[in-house]
Structure formats: C-alpha cells, structure tokens
Amino acid sequence: MPEGAGSDGYRAAVERVGLFANVGRGVVAVSGSGALRVMNGLASNDVTDVPLGRGIYSFLLDRRGRVVVDLRILPVAGFERDAGDGGTETVWLDAPGEALPSLMDHLRTYVPPMFAEYREASVSVHTLIGPRAAEALEQWEAAAGISFVRQPGELAPLEATTVRIGGIPALVVCREEIEGPGFDLYVDRTGRARDAERLSRQLEGAVTRAGGAVAGGGDWEILRLERGLPVFGSELGADRLAQEAGQDDRAISFAKGCFTGQEVVARIHYRGHVNRHLRGLRWTPNALHQARDLVGAELRVPSGTGGAKPVGLITSAVHSPRFGPIGLGYVRREVALGAVLESMDHPGVALHVTELPFTCK
C-alpha cells in the first residue's frame, strides 16, 4: 500500500478478509399476496426474480425522480423452500439505517394494505469483505457444524443462499463486484443474547483462521469511498435526481414497466441529461483533518478572483491508506474529468476531478 499501512481491519479487508458487524443497515419485510407486484411498481429496478434467490440493488423514487432511499431487495432466508409457491410473497428491503424513516413513510404512502404489509424485521447484518471471504465462510461452516444450501463461492453477485443456525434460517448474499469481493450474512436477532455472542465468536474465529481480522466503521467508510459508492445522507437523498449518482447500470431498469418516478427517469435517459454528476476528488497535502474539513465545501474553477460561481460540492472525504486524501462530490456536467477545482472555503487547496472508482486506477 503506497500511501500508508492503514488499520489491521482495513488491510485485512483489502488483502485477505475483514469482518464488519453493526454496519448501520436496517431490514424491512414486505409480505402479502401482492408484495412482489407492489414493490415492482415502486422500485427503479426489476424485482421479478428476487423470490428465486437473485437480489437487486435499486432506488425508490418520488414522483420528481428524486431518491427516497437506495436499497437492496432480497429474498428472505429459507426462500428455497418457498420458491414457486403461489401463496404469500415476502421480500426483504435492506436499507441504510439512517434512511429507515424515509423508507417507512414511503411505504405508508404507496403500499395498499389489501395487497401487502410491511414491518421492520429483527435482523442483524454481518459483512465479510476481501478475497478470502468465501474461505472464511467455509471455515465457519466446518467449525460450527452448519451447512449452506449452496456454497457461497458459487454465488453470482447479489445471489443468495440459506444457512440454518441453531434451526433458524439465515441468508447469505454475495456482494456486487463494485462493492468488493465478499458476502453479507443476515441473521435473525430475536433469540437469546448468548446465541448472538456465540455467532460473533464463531465468525471472528473463522475470519482469523482465514488470515483476516475484525474491522471497524472507519475502515468501512474508506472502502466505500475507494469504490465510489454513494450512500444515503451524503450522496443520496431527496435533493438528488437518481441519475446524478451514476448508478444507472446497477439500480435502474429501462425495460421494465412503470414505477414511481419513471417519467422523469425516462425523460432524462432518452431525451435529456442531468446537470451534475458524482465524481471522485483527489488533493494534497496528505492531511486527514483537511479531508474531514472539506466535507460540505463548495467548489469553483480557480480564477484568481473571489467571485467565481460554485460548480460542485464535496459530499464525503477520507484519507485512504492506498490513495491518499480522496473524496466524492457532485460537479456540474461541463467540468471535465481531470479538471482542477478549488474549495471556496479553503483557498489554495487544489482538487483534481477524477472518474470512479479509485480502485480501478
């Protein structure tokens, strides 16, 4: 790592496997005879194959095409048993914890009770990131005496499988390529506290045997920015059009039927454009406090005068052990990749506009 060593957890997630717990996610269960049809009318992506074990990443939008929440729509643990069942449908919505109030308000507005019901599910999320994540899950399987319906290493991005922990089904989901190699484990947390503690010890032991380590929230944020991933509350929210975030290939289906906000999304895609794009930002000097201080700063083209209009906004920033000070931000479409901008609040700090993700450099 050319810029610095980083924490043990960060290095493990990059080189071997890092274990993240309490990553700030919330899970909502939507169920009913019309649950799939209702969610397909709300989600910007196509949810048709979710009950068969193929999850999706999607936006829920308001009528103006602005982001209410970004989320995964997933099958529930034990879906293999219910596949093809024509009765009650259930899917899980995995969203940032900070976005849960917006998500619940949206569901209250748009989900007819006669077709589906929704509730916050008592599910904890454990994440394994790194090239040895599948090996760590195999270590856990052998040590804990459990078995996966399908081996995690066989899963395609956002495909799922079930594993039973003490008789209770849990869901394992393969992360998307852009998120980095790894898996998310969704576990029912309504049981006894000592069961949760035992699971944590088992996972930590498996990760350690695979050469990895436990990682923390700071490591998670660095990895997120390195991969150019927007998050609700920073890059995504009610003030952002869906297509400004540059996640069209992941989050939007232009072939499916109608969904809330589709008219705006289609107009932009086929006939127009957005005025701002999510971009990467790099700068010097190498100072962590400067990375933090720049969040929220407006950007301008250097002009030698104090009156230049803002052309961008920094939304997130960290000091990456591999890439130095990096950030995410929105810049106007006329600002080309490679352009140099400066903070209107921090004169003299030059910021280089770059494509995302940083990990592809």
Taking atom types as modelled, find out whether E226 and Y10 have a side-chain donor-acceptor pair closer than 3.5 angstrom.
yes
Hey, could you give me the OG/CZ distance between S31 and R119, rounded to the nearest 0.5 Å?
7.0 Å
State which residues pass ring-ring contact (aromatic ring centres under 6.0 Å, His included) with H126; sequence neighbours excluded, sorted by chain then number.
none
Could you tell me whether a side-chain N or O of D219 sits under 3.5 Å from a main-chain N or O of G216, the two making a donor and an acceptor?
yes
Each residue besides V340 in its hydrophobic cluster should be listed here, by chain and number; the cluster joins Ile, Leu, Val, Met, Phe, Trp and Tyr at side-chain heavy-atom distances under 4.5 Å.
none
Fellow cluster residues of I178, listed by chain then number, with links counted only when side-chain atoms sit under 4.5 Å apart:
L229
Regarding R72 and the six-membered ring of Y57, is the cationic atom NZ or CZ under 6.0 Å from the ring centre and inside 45° of its axis?
no
In a table with atom names and distances, give each donor-acceptor pair under 3.5 Å that connects a side chain of residues 127-139 to protein atoms at least two apart or in another chain.
| unit_1 | atom_1 | unit_2 | atom_2 | d |
| --- | --- | --- | --- | --- |
| T127 | OG1 | D184 | OD1 | 2.5 |
| R132 | NH1 | A210 | O | 3.0 |
| Q139 | OE1 | R209 | NE | 3.4 |

Taking C-beta and beyond as the side chain, do E298 and K309 meet within less than 4.5 Å on heavy atoms?
no
So CZ of F358 and CD1 of I222: to nearest 0.5 Å the spacing works out to 12.5 Å
N/O donor-acceptor pair under 3.5 Å between T162 side chain and G78 backbone
yes
Below 3.5 Å, can you tabulate the donor-acceptor pairs from side chains in residues 146-157 to any protein atom, sequence neighbours excluded?
| unit_1 | atom_1 | unit_2 | atom_2 | d |
| --- | --- | --- | --- | --- |
| R150 | NH2 | E154 | O | 3.3 |
| Q151 | NE2 | E141 | OE1 | 3.3 |
| Q151 | NE2 | E141 | OE2 | 3.2 |

Donor-acceptor list for residues 268-281 side chains, cut-off 3.5 Å, not counting sequence neighbours:
| unit_1 | atom_1 | unit_2 | atom_2 | d |
| --- | --- | --- | --- | --- |
| H273 | ND1 | R333 | NE | 3.2 |
| H273 | NE2 | R333 | NH2 | 3.2 |

Determine whether I73 and W92 make a side-chain contact, defined as any pair of heavy atoms from C-beta on separated by less than 4.5 Å.
no
Quick one: CZ on F323 to OG1 on T354, what's the gap to the nearest 0.5 Å?
10.5 Å
For the residue pair Y118 and L93, establish whether any side-chain heavy-atom pair is separated by less than 4.5 Å.
no
So CG of N45 and NZ of K256: to nearest 0.5 Å the spacing works out to 7.0 Å
Could you go through E235 and R240, starting from their C-alpha distance and side-chain angles, then the distance that decides it, and tell me whether this counts as salt bridge (Lys or Arg N to Asp or Glu O under 4.0 Å)?
CA-CA 8 Å; E235 290 76 37; R240 292 294 170 197; over 6 Å; no
